[in-house]
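Here, residue 1 is the first one in the sequence, and each next residue gets the next number.
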Amino acid sequence: MARITKSQKAGLDFLDQIYFSDILVHLGMNYEERQQLDTIIRSVKTMAERKYSGREAEVIKHLAYFLLEVNLATTTKELAISDSTRVLPPDLSIDTIEAVDNFKKDFQSALMLVTLEKNTGISAEFAFEIYDSLKSEFIGYSALVKRDLLTRCFVREFRDSSIGVYSWMTVKGVLPVTKNSPERLCNDFNENFETRLTLVADYEMLMHYFKLTISKDNSARVFLNNANFELQETTIDRLLDIQRVFHEAISKKSLRNSFPQLSNRDLNIKHQITYFFEQWGNRKTRLRTHTGTLASWPGIIGAGMVQKQLDHEYYEAAREKLGNCAGSVNISDLTVTAIYNAFDNQNTITESVREKLENCGIRISADTLYRSHAHMKKTLIRLLRAYCEMTRSSQIALSAMHDDSAYISIFIQSDNLPNH
C-alpha cells in the first residue's frame with residue numbers, strides 16, 4: 001500500500017474536523033443549544049439575504065459568523081475568574097489585559113476582512129453591520145454554541161456536510177478513494193455549499209496562523225510530559241506528530257509567515273486543490289475524533305446518520321406523546337423505527353441511511369452500518385457526551401486561535417477504548 005501523502009492526511013484531518021462539529025451539533029447539543037444555534041443562523045441569514053443572494057450572501061454570512069465567534073469568545077478576564085480554571089491571571093492591570101484582548105480581536109477581524117475581500121472580490125462591510133446589530137443578543141449562549149461558531153453554523157445549515165466534504169474531496173482528488181470511486185460519487189455540488197466549504201478550509205488555516213503568532217508551543221507537549229495520563233503508544237505517536245509539525249511550522253520562515261488559501265484557487269483544477277492540502281499538511285495536523293482508516297469513513301459517517309435519525313424519531317415520538325402538555329417521558333415508553341433486522345431489513349433506519357448514501361454514490365451494506373453504529377455508541381458517542389458536559393460545566397469558549405483543551409483531554413483517551 002502506498003504511503004499516505006501530506007495532502008491526503010490533511011484532507012482527512014479537515015474531514016474529521018467537519019465530522020466532529022457535525023456530530024456535536026446534531027448528537028451532542030441539547031434541544032436548547034440547537035435552538036440557540038438556529039437563532040443565530042436565522043438572524044444572520046435574514047439580514048444577509050435582504051441585500052445579497054447566492055455566493056455573495058454566503059461570503060457575508062461566513063464573515064458575520066466569524067465576527068460573532070471572535071467577539072463572543074471568553075476573555076482573559078473572564079477566564080481568570082472562572083470557577084473551572086485554576087490558572088493564575090497574568091500580572092497585568094485590567095486595562096492592559098482588556099487592551100491585549102481587544103487587539104487580538106481587531107487583528108483577527110482585520111486579517112479575515114482583507115483576506116476575504118482579496119480572495120472573493122466581495123466587499124465585507126455589510127457583515128460588520130450584521131455583527132454590530134446582533135452582537136449583544138447571544139452573549140449568554142452556551143459555550144458549546146459559541147466555540148467554533150462558524151463551523152457549527154456550516155454543519156447546521158448543510159445538514160449532510162460530512163458526506164458532502166467526503167464526496168467533494170474524493171471527486172477533487174484529495175482523498176484516494178477506490179471503492180466509492182469519484183466517477184460514482186455525486187459531483188454536482190451546490191454552489192453555496194462549495195463556497196462555504198472553501199471558506200471554512202481557509203478559516204482553519206487562518207486560525208492556525210494566529211496560533212503561531214501567539215505561542216511558541218502547543219498543548220500536545222502538556223500531555224506528553226505528564227506521566228499521569230498513562231498514554232498508549234499510538235496516542236503518543238499522534239501527539240509527537242502534532243508537536244513535530246507545529247515546531248516545523250513555527251521554525252521555518254516560509255511556513256510561519258504565510259498561510260495557504262483555497263478560495264483563491266481554481267476549484268476545477270485538481271492539483272491546485274491538492275497543493276492547498278499539501279501546504280495544510282506542512283503546517284498542521286490534528287488529534288482526530290475518528291482514528292480509523294480512509295476505508296472506514298463511509299461507515300462512521302453512516303453511523304452518525306443512523307444516530308441522527310434515531311434521535312429525531314425519539315424526539316418526534318416524545319412530542320406526539322406529550323401533545324401540548326409539559327413534562328417528560330421514559331424512552332422505553334416510546335415507539336420508533338427499528339435500527340436493523342437481520343431477517344427483513346426493509347423499513348429500518350439502517351436501510352433508510354443505506355439508500356441515502358447510495359443516492360450519493362456511496363455503497364455500504366445495512367449490516368456494516370449496524371455494526372459501525374453499535375461500535376460508535378460504545379466509543380465515540382461516550383467521548384462526545386463527556387466533551388459536551390465538560391464544556392457546558394466550564395462555560396469557557398475560547399477563540400479558535402487557542403487549542404480546545406477540553407477536546408484534547410477527552411479525545412486523547414480514544415485509544416484506550418475497546419475496539420468492539
Do [X] and [Y] have side chains that approach each other closer than 4.5 Å (heavy atoms only, starting at C-beta)?
X	Y	answer
Lys118	Asn264	no
Glu157	Cys153	yes
Tyr19	Leu380	yes
Met207	Gln108	yes
Phe138	Ser43	yes

With a 3.5 Å cut-off and no angle check, do the side chains of [X] and [Y] form a donor-acceptor pair?
X	Y	answer
Thr350	His373	no
Thr391	Tyr407	no
Gln36	Ser142	no
Asn102	Glu98	no
Asp101	Thr75	no

Using the rule salt bridge (charged side-chain N to carboxylate O under 4.0 Å, His left out), only one of Asp241, Asp16, Asp13 pairs with Arg286; which is it?
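When Asp241, Asp16, Asp13 are each tested with Arg286, the salt bridge (charged side-chain N to carboxylate O under 4.0 Å, His left out) holds only for Asp16.
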From Val222, Ile242, Asp403, residue fulfilling side-chain contact (heavy atoms from CB on, under 4.5 Å) relative to Ile408
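Exactly one option meets the side-chain contact (heavy atoms from CB on, under 4.5 Å) with Ile408, and it is Asp403.
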Going by the angle between their ring planes, with limits at 30° and 60°, are Phe158 and Phe154 parallel, tilted or perpendicular?
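Phe158 vs Phe154 ring planes: tilted.
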Fit a plane to each ring of His208 and Phe246, take the angle between them on a 0 to 90° scale, and name the class: parallel (under 30°), tilted (30 to 60°) or perpendicular (over 60°).
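Rings of His208 and Phe246: perpendicular, as their planes differ by over 60°.
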Could you please spell out the steps behind the side-chain hydrogen bond (donor to acceptor under 3.5 Å, both in side chains) verdict for Ser258 and Arg283?
CA-CA 10 Å; Ser258 64; Arg283 290 166 169 80; 3.0 Å; yes
